[in-house]
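Below: the structure, in structure tokens.
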2 protein chains.
Amino acid sequence: MKTVPTIQDIAAAAGVSKSTVSLVLQQSPKIKAETADKVRAAAQLLGYVYNRGAANLRGTRSTIVGMVINDLTNPFFVELLVAIERVLAQSGYTTLMAHTAENVATQTRVLQSMREQNVAGLIMSPALGTPEQLPDEIKSWGIPLVLVMRPMGTDVDTVGVDNSFGFALATEHLIAQGHTRIAFAGNRTGYAVANQRRQGYLTAMASHALTVADEWIIDVELTPEGGRKAVRSIFEMRPRPTAVVCYNDQVAFGVLHELDRMGKRAGKALAVVGCDNVVAAEHTNPPLTTLSAGADKLGTIASETLLARLDPAADGKEPPVQYFAIPQLVVRESSVGSAGRHPHLSVDAPRTERRVAGQRQ
Amino acid sequence: MKTVPTIQDIAAAAGVSKSTVSLVLQQSPKIKAETADKVRAAAQLLGYVYNRGAANLRGTRSTIVGMVINDLTNPFFVELLVAIERVLAQSGYTTLMAHTAENVATQTRVLQSMREQNVAGLIMSPALGTPEQLPDEIKSWGIPLVLVMRPMGTDVDTVGVDNSFGFALATEHLIAQGHTRIAFAGNRTGYAVANQRRQGYLTAMASHALTVADEWIIDVELTPEGGRKAVRSIFEMRPRPTAVVCYNDQVAFGVLHELDRMGKRAGKALAVVGCDNVVAAEHTNPPLTTLSAGADKLGTIASETLLARLDPAADGKEPPVQYFAIPQLVVRESSVGSAGRHPHLSVDAPRTERRVAGQRQ
DNA sequence: CTGAAAGCGCTTACAG
DNA sequence: CTGAAAGCGCTTACAG
């Protein structure tokens, strides 16, 4: 545990005051180039390490950003995290990460800890069941907050996806393939995102005058295991759905797997669509048709939204950002070739990835 | 941006000195219970938030631990990260996370940043190509370091896996299935872990007097794309291997996928074994046989190793920990049923997951 | 262009 | 059992 030199030591070595050293380290133009060079040489020589904690304490700003993620077992959130971390690092911020595992109590503890660390701002994907006044409370702490993926009112910066549009798009795709009995594997009731996704599906069905049997809305855990359970339910229904829209790729992976165990193949026995377009969706057997909003793009926008709030030039009077990406459908083999009414779709689709652009009507 | 109360404010409100407040917040037994209660009540009332940065600055210890991960796109490292973060949080430490994406320059920048944040300790999975003197350099900073997954000499605390044992085990499994022409999809040359894995495979082959054709050692990227390329190579070989040991599950996923594209099935056309047992390995089509060392257990051990070093009671004279887990083989469908010489193995394996315990001879 | 002084919010001996 | 004082490593007005 050798003791690290401080600006005081550099000041002594360079023969200047510590004020001067501090200004040099901040790249202040007030210091003469010659003096600055002398200081930098001394710092180099002594192996100086800037103490950001001390600077944050004395100065007004901190350079730590907290990121609170609800579910790192879902690769989508990992992709988001990686993008956010990259953009923030480029702007000189360090990312303090915490994982709540969808647990509100853990989330409370974690937020407290971030507050104690004096984070400059927070990016959070709130755990399910988060009390709706939490964003206001965080704001009352004076910490800028950007919500990702899970909106909580229009009063807080939010970066997410237009889920009802996306799920309508996915359902339309299946209808265009000739399917009329389409199931939804997700939550029957639940939080905002779950409702939006279910609603998008229902809207598309209704707009084609297709009736939705109550049992087609299958309430399952949002995991591969939930997807497997959904398949078992579907194959007990009479008449049974020929297609299923899944809450996310994790559920869809379970669907693909259970079909395989039954000796059936997605795309033939059952058309399957997921949501998130995680990297693995490209390599499943068969490859998964899924909604893509671009984790990388969403992470970038979330970071930039926060950085704008942290900019000392910001007046804090800008209205809340409410950005909802329009997802695209990436068509792969899991959703084509079963209904067979659109041969042009089933010919190339298994080999050629095509993106159906989301277009609002 | 309302201003947060400090211990000074609490001291005034409670009618004591700030020394007393500080001691109460540290749960010191020196303060009379009555006084302590009074102080805590005042803190509660004012909405006091402990400023850990100030405490770290004045005190000798910091409560931030840095975690440097080379590849978060590999779910194995995410599982490791989650376990580490959980254990550290339970001990009152906050985790500062950084992702290097296998880039040594990024890693250097990130380590610098962690040093500036005055982390109490570091857990690192070094990027490929990390200079071998880095652990010594970090130690010279006075920051305890635990390496995970990728050893760099015996002089630094290390938690990893006995890779050569594991890959021998995987290869033995394939030999026991009757395979004699077994390929290896990974690196032909490379860093320590790559060499250990390849060596384990070669050792098992040699111990059964099986010759390894040079082309069977296939040099590919350690990604699904690399796995796909390996399959294409294998099917051009004459005679062709009937089984392949993959560097990790990511490569194996690509293998399973390319086989599927060719209309073939892993376990029938080609026996496939992976390494890491990531959660998704259970849900691939077909499910993947793979080596498991337990990301959760490894993460727990790594955290505990670091916590022991951070314990103020530690004398710093304990010898370096060198922990290498003995992996187990989790047998699933991807590796059985193709050679058919051991019918008892191929009957239940596709449905029943069995663990073959690793036993050193 | 540079220095002396005060202070960020805590903790830690040292007195009493 | 509690308080007064010094100081952790910086930054920030304020002088000059």
Side-chain angles (χ1 to χ4, degrees), chain A residues 1-40 42-43 46-64 115-120 141-142 312, chain B residues 1-40 42-43 46-64 115-120 141-142 312:
Chain A
M1 302 280 177
K2 79 162 70 165
T3 164
V4 180
T6 72
I7 55 169
Q8 192 70 268
D9 301 318
I10 304 181
V16 297
S17 76
K18 65 191 179 113
S19 313
T20 305
V21 175
S22 176
L23 291 171
V24 171
L25 295 175
Q26 295 173 76
Q27 324 257 24
S28 165
K30 295 181 188 170
I31 306 295
K32 198 164 50 165
E34 248 175 291
T35 315
D37 287 343
K38 204 168 54 179
V39 168
R40 273 189 283 264
L46 298 178
Y48 173 71
V49 179
Y50 187 77
N51 185 326
R52 217 159 276 283
N56 290 344
L57 175 60
R58 183 59 180 86
T60 40
R61 353 180 5 217
S62 136
T63 54
I64 304 185
R115 214 179 155 196
E116 293 184 356
Q117 299 288 356
N118 189 30
V119 295
W141 300 345
Chain B
M1 303 279 177
K2 79 160 71 165
T3 163
V4 180
T6 71
I7 55 169
Q8 193 71 267
D9 301 317
I10 303 180
V16 298
S17 75
K18 65 190 179 111
S19 312
T20 304
V21 174
S22 176
L23 290 171
V24 170
L25 295 175
Q26 295 173 76
Q27 324 258 24
S28 165
K30 296 180 185 170
I31 307 294
K32 200 165 45 168
E34 249 175 288
T35 315
D37 287 343
K38 203 168 55 180
V39 169
R40 274 191 282 265
L46 298 179
Y48 172 71
V49 178
Y50 186 77
N51 184 326
R52 217 158 275 282
N56 291 343
L57 177 59
R58 183 58 180 89
T60 40
R61 357 187 354 223
S62 138
T63 56
I64 304 184
R115 213 180 156 195
E116 292 184 358
Q117 299 289 355
N118 190 28
V119 295
W141 300 345

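Residue numbers start from 1 in every chain, and the chains themselves are labelled A, B, ... in the order their sequence lines are given, proteins ahead of strands.
- Spacing between atom OH of B:Y50 and atom C1' of C:dG9 amounts to 10 Å, rounded to whole angstrom units.
- At whole-Å resolution of the value, CD1 in B:I31 and P in D:dT2 are 5 Å apart.
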Set out, line by line, the N/O atom pairs under 3.5 Å between protein and nucleotides 14-16 of chain D.
none

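- One N or O on the side chain of B:S62 and one on the backbone of B:N118 form a donor-acceptor pair closer than 3.5 Å.
- For B:N51, taking side-chain heavy atoms from C-beta onward, the closest of the listed nucleotides C:dC10, D:dG9, C:dT2 is C:dC10.
- Phosphate proximity of C:dT2 to A:T35: present, with a side-chain N or O under 4.0 Å from OP1 or OP2.
- With a 4.5 Å cut-off on side-chain heavy atoms, B:Q117 and A:I64 count as touching.
- Closest contact between the side chain of A:L57 and the listed nucleotides C:dC10, C:dC8, D:dT2 involves C:dC8.
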Base-pairing string, 5' to 3', of DNA chain C - Watson-Crick or wobble, under 3.5 Å, | interstrand: |||.||||||||.|||
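- In this structure, the nucleotide among D:dT11, C:dC1, C:dG3 sitting nearest to the side chain of A:S17 is C:dG3.
- Nearest approach of A:L46 to A:A13, heavy atoms of both residues: CD1-CB, 4.1 Å.
- Distances were taken from every side-chain heavy atom of A:K18 (C-beta onward) to each of C:dG3, C:dA6, C:dC10; the shortest belongs to C:dA6.
- Counting to the nearest Å, the C1' atom of D:dC8 and the CZ atom of A:R52 are 18 Å from each other.
- The shortest side-chain heavy-atom distance between B:T35 and B:V24 does not fall under the 4.5 Å cut-off.
- For residues 10-29 of chain B, the set of pairs meeting the side-chain hydrogen bond (donor to acceptor under 3.5 Å, both in side chains) definition, not counting sequence neighbours, comprises B:S17-B:T20, B:S22-B:Q26.
- Between A:Q8 atom CD and D:dC8 atom P the separation is 9 Å, expressed in whole Å.
- Considering all non-hydrogen atoms of both residues, B:A42 and B:I10 come closest at CB-CG2, 3.9 Å.
- Residue A:S19 is classed as a base contact, given a heavy-atom separation below 4.0 Å to a base.
- Here B:T20 does not reach the OP1 or OP2 of D:dT2: none of its side-chain N or O atoms lies under 4.0 Å away.
- When heavy atoms are screened at a 4.0 angstrom cut-off, A:V39 is found touching no nucleic acid atom at all.
- A:V49 comes within 4.0 angstrom of the backbone, heavy atoms only, and of no base.
- Of all the residues in residues 22-29 of chain A, not one reaches under 4.0 Å from DNA chain C with any non-hydrogen atom.
- In this structure, A:I7 places its CD1 atom 16 Å from P of D:dG7, rounding to the nearest Å.
- Put simply, CD1 on A:I7 and CG on A:N51 are 10.0 Å apart, with the number rounded to the nearest 0.5 Å.
- Taking the side chain to side chain donor-acceptor pair (under 3.5 Å) definition, one finds that B:R115 meets it with nothing, sequence neighbours left out.
- Residues passing the side chain to side chain contact (heavy atoms under 4.5 Å, CB included) test with A:T6, sequence neighbours excluded: A:Q8, A:D9.
- Atom OH of A:Y48 and atom C1' of D:dG9 are 7 Å apart (whole Å).
- Smallest separation of non-hydrogen atoms from B:T63 and B:R52: OG1-CD, 3.2 Å.
- In this structure, the nucleotide among C:dC8, C:dA4, C:dC10 sitting nearest to the side chain of B:R58 is C:dC10.
- Between the CD1 atom of B:I10 and the C1' atom of D:dG3 there is a distance of 17 Å, given to the nearest Å.
- Atom CG of A:L57 and atom CG of B:N56 lie 10.5 Å apart (nearest 0.5 Å).
- A:Y48 is listed as a side-chain neighbour of A:L25, based on a closest heavy-atom distance under 4.5 Å.
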